[in-house]
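Positions are given from 1 along the sequence. Computation of the quantities below employed the complete heavy-atom set of this structure, encompassing side-chain atoms and omitting hydrogens, waters and symmetry-equivalent molecules.
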Amino acid sequence: MLQTAAGRKHLVVGVMFLEAPTSEVLAQLSTDTGGRYEVRGQTDAMSGEAVAFSSGRCAYVYSALK
């Protein structure tokens, strides 16, 4: 789950698709509570608002400057 500065939450990878090494990398990133990241990929728009990244496409996580 990714939370924006505005407080909105977006699903990056659904539980059904969490396998190594994705799960290991996301677990490692979650320990850096002060970190800032940018996630790029195609989103699924449900009810007109994007709430999750598409499970059929790649989502790329980049470390952003603090």
Side-chain angles (χ1 to χ4, degrees):
M1 185 71 61
L2 170 74
Q3 185 170 345
T4 66
R8 282 193 246 158
K9 294 183 179 180
H10 301 275
L11 183 64
V12 178
V13 179
V15 174
M16 185 169 140
F17 301 102
L18 275 179
E19 297 178 354
T22 302
S23 60
E24 296 160 355
V25 171
L26 290 176
Q28 185 180 23
L29 291 175
S30 71
T31 61
D32 184 9
T33 57
R36 295 184 64 173
Y37 300 94
E38 178 178 324
V39 181
R40 292 186 180 192
Q42 186 169 356
T43 56
D44 287 331
M46 298 176 188
S47 303
E49 183 179 343
V51 294
F53 284 87
S54 176
S55 58
R57 306 271 179 132
C58 292
Y60 299 93
V61 180
Y62 299 95
S63 178
L65 298 175
K66 295 180 183 181

*Measure the OG-CE distance between S30 and M1 for me, rounded to the nearest 0.5 Å.*
13.0 Å
*Spacing of K9 atom NZ and Q3 atom CD [to the nearest 0.5 Å]*: 5.0 Å
*Mind checking what makes side chain to side chain contact (heavy atoms under 4.5 Å, CB included) contact with T43, not counting sequence neighbours?*
A50, F53
*Indicate if L2 and M16 have the same hydrophobic cluster label, given that clusters are the connected sets of ILVMFWY residues with side-chain heavy-atom separations under 4.5 angstrom.*
yes
*Any chain of hydrophobic side-chain contacts (each under 4.5 Å) joining V13 to V39?*
yes
_side chain to side chain contact (heavy atoms under 4.5 Å, CB included), that's the test. Do L26 and L18 meet it? Break it down for me._
CA-CA 9 Å; L26 290 176; L18 275 179; 4.0 Å; yes
*For atom CD of Q28, is the number of surrounding heavy atoms from other residues, nucleotides or ligands below 6.0 Å larger than 12?*
no
*Evaluate the side-chain proximity of Y37 to D32: yes if any heavy-atom separation is below 4.5 Å, no if none is.*
yes
*OH of Y60 to CZ of R40: how many Å apart, nearest 0.5 Å?*
12.0 Å
*Taking the side chain as C-beta and beyond, is there a heavy-atom pair between V25 and V61 under 4.5 Å?*
no
